[in-house]
Number of protein chains: 2
Amino acid sequence: MEFEFTPEKQRLRAPSLRSLETRAKILDAAERLFAERGFDGTSMRDIAAEAEVRVGLVSHHAGNKAALFHVVVARRADTLAQRRIEALEARKVQGPVDLRAVLDCFLTPYLELARDGGPQWMAYARLVAYVSADARWRSLAMVCFDPTAQRFVDEIASLYPRASKRRIAAGFVYSVAGLLAQITSGWRVEALGGEGPRMRVADDRVLLDFCVAGIEASMG
Amino acid sequence: MEFEFTPEKQRLRAPSLRSLETRAKILDAAERLFAERGFDGTSMRDIAAEAEVRVGLVSHHAGNKAALFHVVVARRADTLAQRRIEALEARKVQGPVDLRAVLDCFLTPYLELARDGGPQWMAYARLVAYVSADARWRSLAMVCFDPTAQRFVDEIASLYPRASKRRIAAGFVYSVAGLLAQITSGWRVEALGGEGPRMRVADDRVLLDFCVAGIEASMG
DNA sequence: GTCTATATGTAGATAGAC
DNA sequence: GTCTATCTACATATAGAC
């Protein structure tokens, strides 16, 4: 099976309001189901039912299934990338940044969205984890996530001109994995450390401490 | 869809040699495909073809698809758990352990198997990542992985009696995520830090440094 | 234990009426 | 843009001959 898709054809006229609503319902439904059950675990019929729409409409609005998946993944990736870059730019205007500040700009936007942005943002982390684990989506992951990641790795590298860039990249990849784990695997922390009191809001601070110290140590 | 399965029925007599070979071929084939394409992306027909066996035989030997998946995941989990526990016991006989030693006993067996144990062990990491990302397999993950993880979290907690166990558990979960990322996302490190020289064997050391410093820092 | 054949359901995609 | 209907392929599972 191939996951390539053709670019959208030129629209002949602006879509109607109803059409836009239908399209939005379909994208939202697809997002929920893809995040929950993955690409292969979700059928076009499931999506149509979840969106309360006929099956044919999903094809009509989204093209084929792979194209729909691509759009769903990219939509939130763009929002997220924008927030992260903005946070970094804003911080740099205030003065010189350090490793903690840079990592904070990367981690916090997602943690805030996962906490306050509605349940879809938590589900999206699972979708990202799913995409990251599956080699078939590698090129999609590279398009959606790597430009921002590269920007942050470069930023960190500029703080440590004598350190190996590869080690920094490795530390950054571990940090991203930790971020996804934080959002998707809260239950596991609960299961393993359940006796103690809840960490609540401090969770995010723990992750940041972990990643900052980890990257510093891994540069050797 | 339910993922429960009934216990194996009592065998009436020992299986023949040929039967055992067939069963092994099926399990190996299923493992390769599940790791590559996930549960829903793999059909029983794919597995039969990969194992060079008729479709009916897969059902005959493995029962249904969910049971087959369960067996495949559990098989290597047992091997891995055993090596990890053995490493820890051996180290404790030699004298008191510290955080680095405990984490080393957890991380290194898998890293060694991924490097020297054949390509299947690398693929298995993707399978584990896949299982971890999908809520439907949570109970399977708990059965296969949590007992060992709990043992190591307790071990670390005993080293830091005054630290919050929850924070230790969080740091441990981040570390596991980093371990899986190390094995499955080498390409990403390559893409993000590609300019520098390769890290080669030192990779594993970088991960260990990262996790040790990270956990120490996250205990606050 | 193995193989053939098939029962039964669902998949993605599209054609054509409105 | 929407809806109905349908095409073709493939899914899981099982029944019964050898």
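Hydrogens, waters and symmetry mates are skipped; everything else that's a heavy atom, side chains included, is used. Letters go in sequence order (proteins before strands), and every chain restarts at 1.
- As a whole-Å value, the separation of A:Asp46 CG from C:dA13 C1' is 16 Å.
- Across all strands, A:Ser59 comes closer than 4.0 Å to base atoms (heavy-atom distances).
- For the pair B:Ile47 CD1 and D:dA13 C1', the interatomic distance rounds to 14 Å; values are reported in whole Å.
- With hydrogens and angles disregarded, a donor-acceptor distance shorter than 3.5 Å links the side chain of A:Lys65 to the backbone of A:Phe39.
- Between the CD atom in A:Gln182 and the OH atom in B:Tyr174 there is a gap of 3.5 Å [rounded to 0.5 Å].
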Summary of protein contacts for nucleotides 2-9 of chain C, nucleotide by nucleotide, where a base hit scores B, a sugar-phosphate-only hit scores S (4.0 Å, heavy atoms): BSS-----
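- Under the 3.5 Å distance criterion, with hydrogens and angles disregarded, no donor-acceptor pair is assigned to the side chains of B:Glu31 and B:Tyr124.
- A:Lys65 has its NZ atom 15 Å from the P atom of C:dT14, to the nearest Å.
- Residues B:Phe145 and B:Leu140 are not in side-chain contact: their nearest non-hydrogen atoms beyond the backbone lie 4.5 Å or more apart.
- The salt bridge (Lys or Arg N to Asp or Glu O under 4.0 Å) test with B:Glu89 is passed by exactly one of B:Arg151, B:Arg84, B:Arg83: B:Arg151.
- B:Met44 has its CE atom 18 Å from the P atom of C:dT10, to the nearest Å.
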One pair to check against side-chain hydrogen bond (donor to acceptor under 3.5 Å, both in side chains): B:Gln150 and B:Asp154. What are the steps and the verdict? CA-CA 6 Å; B:Gln150 188 70 65; B:Asp154 291 345; 3.1 Å; yes
